[in-house]
Amino acid sequence: MASKRALITGITGQDGSYMAEFLLEKGYQVIGMIRRSSTINFERIHHIQERLTLVQGDLLDQASLIDILSVHRPHEVYNLAAQSFVQTSWNQPVFTGEVTGLGVTRLLDAIRLIDSDIRFYQASSSEMFGKVREVPQTEVTSFYPRSPYGVAKVYGHWITVNYRESYGLFAVSGICFNHESPRRGQEFVTRKIARAAAMIKLGKEKELRLGNLESQRDWGFAPDYVRGMWLMLQQDKPDDFVMATGRTHSVGRFVELAFEMVGLDYRPYVVQDPQFMRPADVDLLDDHVNQRLVVLALLLTILSAVTLVMWRYHRRDYASPRRTGRRI
Ligand code: NDP
Ligand code: GDP
């Protein structure tokens, strides 16, 4: 049988790069959508670049999406592209709405026009729960987003449900809690902490400036999550799924763990800085482990292992000359 084709938007991002590796292993032909930029930012996909078909397109430009779908005819589309940083969404709320919200409609409508048999995955977010209405949160918990990013994701979620119900598309919304890795964007808190712990241990930095240390998150490991996303598209019927580890920790606890791993007490190094506090933050994001995904035997890595992987990466990266093409 000819191999399946999958289109990944956001392939240069954390999840897109892991998804590309995962699908290549499964024998898929992988088409990655990249947006034009003046510099190349293939750091996360450098090691697999030759095995990918990279095409230019943008969630802001519907014609590019239609063109990609009609030329490459994917069986599955993973929409992992977004303006994904919550803090930035207060500075660029309209742009965030255009990409993270309306971008989903552009892609769904392109699918409707070109091939309504395509299976579609939308990267929805636990940020949609925001000021939580119930604990734990499930697929039917109502949303109360607390940032322009969260609001845009709620739009993306409901338009996915709407295209499923209006046009019978196999459109799935995966409501994922935070997931981290050495490939996480540098501005996200786990990456920032793991990096700083390594730098301070190596004597290259003196302090770590953070915002709200009380804030709590359910942090998982990104490679586990991309497997879950793929499983969602292999079900008999399209649906919505919450994906989480079911374990919540504070930012302060993550700091403590990361510094413990390098043999340091975090207290002399951590400074609270109002610059990193948010106009509004989400409540305690807690959840249950999704029963359907448990049945699918999803393996979720524990937080200390995630911290360890991230710290090891930074120790190697900053202690030795910078490498390219690394695979972690
Ligand atoms: P990243 O920020 O690492 O990656 C985002 C990707 O989107 C990048 O490849 C970026 O391209 C691309 N992109 C941004 N704007 C556009 C655009 N206008 N057109 C095309 N591509 C664009 O995010 P993650 O990998 O961490 O997350 C993947 C998805 O999952 C996102 O939608 C995110 O909101 C969502 N999500 C993530 C969670 C997490 O914990 N990681 C939790 C829940 C949801 P470029 O490299 O050019 O900037
Ligand atoms: P988010 O859950 O998608 O917003 O992921 P982040 O990693 O950006 O933030 C997780 C939590 O860490 C939020 O509650 C932030 O308020 C908190 N936090 C505390 N200090 C910082 C910081 O310096 N940077 C970031 N990004 N978040 C911080």
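Model, not experiment: these values are computed from the prediction. Note that ligands are numbered from 1 as they come in the structure, with each ligand's atoms numbered from 1 the same way.
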Residue, atom and distance of the protein heavy atom nearest atom 32 (O) of ligand 1 read Lys153 NZ, 2.9 Å
* Look only at interatomic distance and state if Lys192 has a nitrogen or oxygen under 3.5 Å from any nitrogen or oxygen of ligand 2. => yes
_Close approach, Ser124 and ligand 1, non-hydrogen under 4.0 angstrom_ = yes
Does the side-chain contact (heavy atoms from CB on, under 4.5 Å) test come out yes or no for Tyr155 and Val104, once each step is laid out? CA-CA 9 Å; Tyr155 176 88; Val104 187; 5.6 Å; no
So for Val251 against ligand 2, with non-hydrogen atoms under 4.0 Å, the contacting part is side chain
| Ser147 side chain near Arg278 side chain, heavy-atom distance below 4.5 Å | no
- prompt: Got Gln83 and Glu98 here, is their nearest side-chain heavy-atom distance under 4.5 Å?
  reply: no
Honestly, for Arg183 the part within reach of ligand 1 (heavy atoms, under 4.0 Å) is neither
Min heavy-atom dist Tyr225 to ligand 1 below 4.0 Å: no
Of all protein heavy atoms, the one nearest atom 5 (C) of ligand 1 is Ala82 O, 3.7 Å
Quick one: do the Tyr266 and Glu260 side chains pair a donor with an acceptor below 3.5 Å? no
Quiz question: by atom type and distance under 3.5 Å, do the side chains of Tyr78 and Asp15 form a donor-acceptor pair? no
### Message
Looking only at the side chains, is there a donor atom on one of Gln122 and Thr160 sitting less than 3.5 Å from an acceptor on the other?
### Response
no
Short version for Asp15: what comes under 4.0 Å of ligand 1, heavy atoms counted, is both
Could you check whether any heavy atom of Glu187 sits closer than 4.0 Å to an atom of ligand 2, since that is the contact criterion I want to use? yes
Q. With a 4.0 Å cut-off on heavy atoms, is Glu127 touching ligand 1?
A. no
Short version for Met33: what comes under 4.0 Å of ligand 1, heavy atoms counted, is side chain
Nearest non-hydrogen protein atom to atom 2 (O) of ligand 1, with distance, is Ser84 OG, 2.6 Å
Original post:
Is Cys176 in contact with ligand 1, taking contact as a heavy-atom separation below 4.0 Å?
Top reply: yes
inquiry  = With a cutoff of 4.0 Å, is Glu127 in contact with ligand 2, counting heavy atoms of the residue only?
reply    = yes
Note: Asp281, heavy atoms under 4.0 Å from ligand 2, region reported as side chain
Counting heavy atoms under 4.0 Å, the part of Phe85 that contacts ligand 1 is neither
Under 4.0 Å between heavy atoms, the region of Asn178 that gets near ligand 2 turns out to be side chain
Logged contact type for Thr9 with ligand 1, heavy-atom cut-off 4.0 Å, is neither
> Can a cation-pi geometry be assigned to Arg191 and Phe188, taking NZ or CZ under 6.0 Å from the six-membered ring centre and within 45° of the ring axis?
Replying inline: no
Any side-chain heavy-atom pair from Val30 and Arg51 closer than 4.5 angstrom? no
In terms of its nearest heavy atom to atom 28 (C) of ligand 2, the top option of Asp273, Val189, Asp218, Leu208 is Val189
Requested in this report: Decide whether Asp109 and Thr105 meet the rule of one side-chain donor and one side-chain acceptor closer than 3.5 Å.
Outcome: no
Item to complete: May I ask you to check whether over 12 heavy atoms, not counting those of Gln234, lie within 6.0 Å of atom CD?
Response: yes
Nearest non-hydrogen protein atom to atom 9 (O) of ligand 1, with distance, is Thr12 OG1, 2.7 Å
Contact region, His179 to ligand 1, non-hydrogen atoms below 4.0 Å, reads both
Atom 4 (O) of ligand 1 has as its nearest protein heavy atom Gly13 CA, 3.4 Å
Check: Is there any N or O on Phe188 that sits under 3.5 Å from an N or O of ligand 2?
Finding: no
query = So, is Ser215 polar-close to ligand 2, with some N/O to N/O distance under 3.5 Å?
reply = yes
Checking heavy atoms under 4.0 Å, the part of Ala222 that sits near ligand 1 is neither
of all protein heavy atoms, closest to atom 34 (O) of ligand 1 is Tyr149 OH, 2.6 Å
Checklist entry - Hey, does Tyr149 sit under 4.0 Å from ligand 2 if you only count heavy atoms? => result no
re atom 21 (N) of ligand 1, the protein heavy-atom contact at minimum distance is Ala81 CB, 3.4 Å
- Are the aromatic ring centres of Phe129 and Phe143 under 6.0 angstrom apart? yes
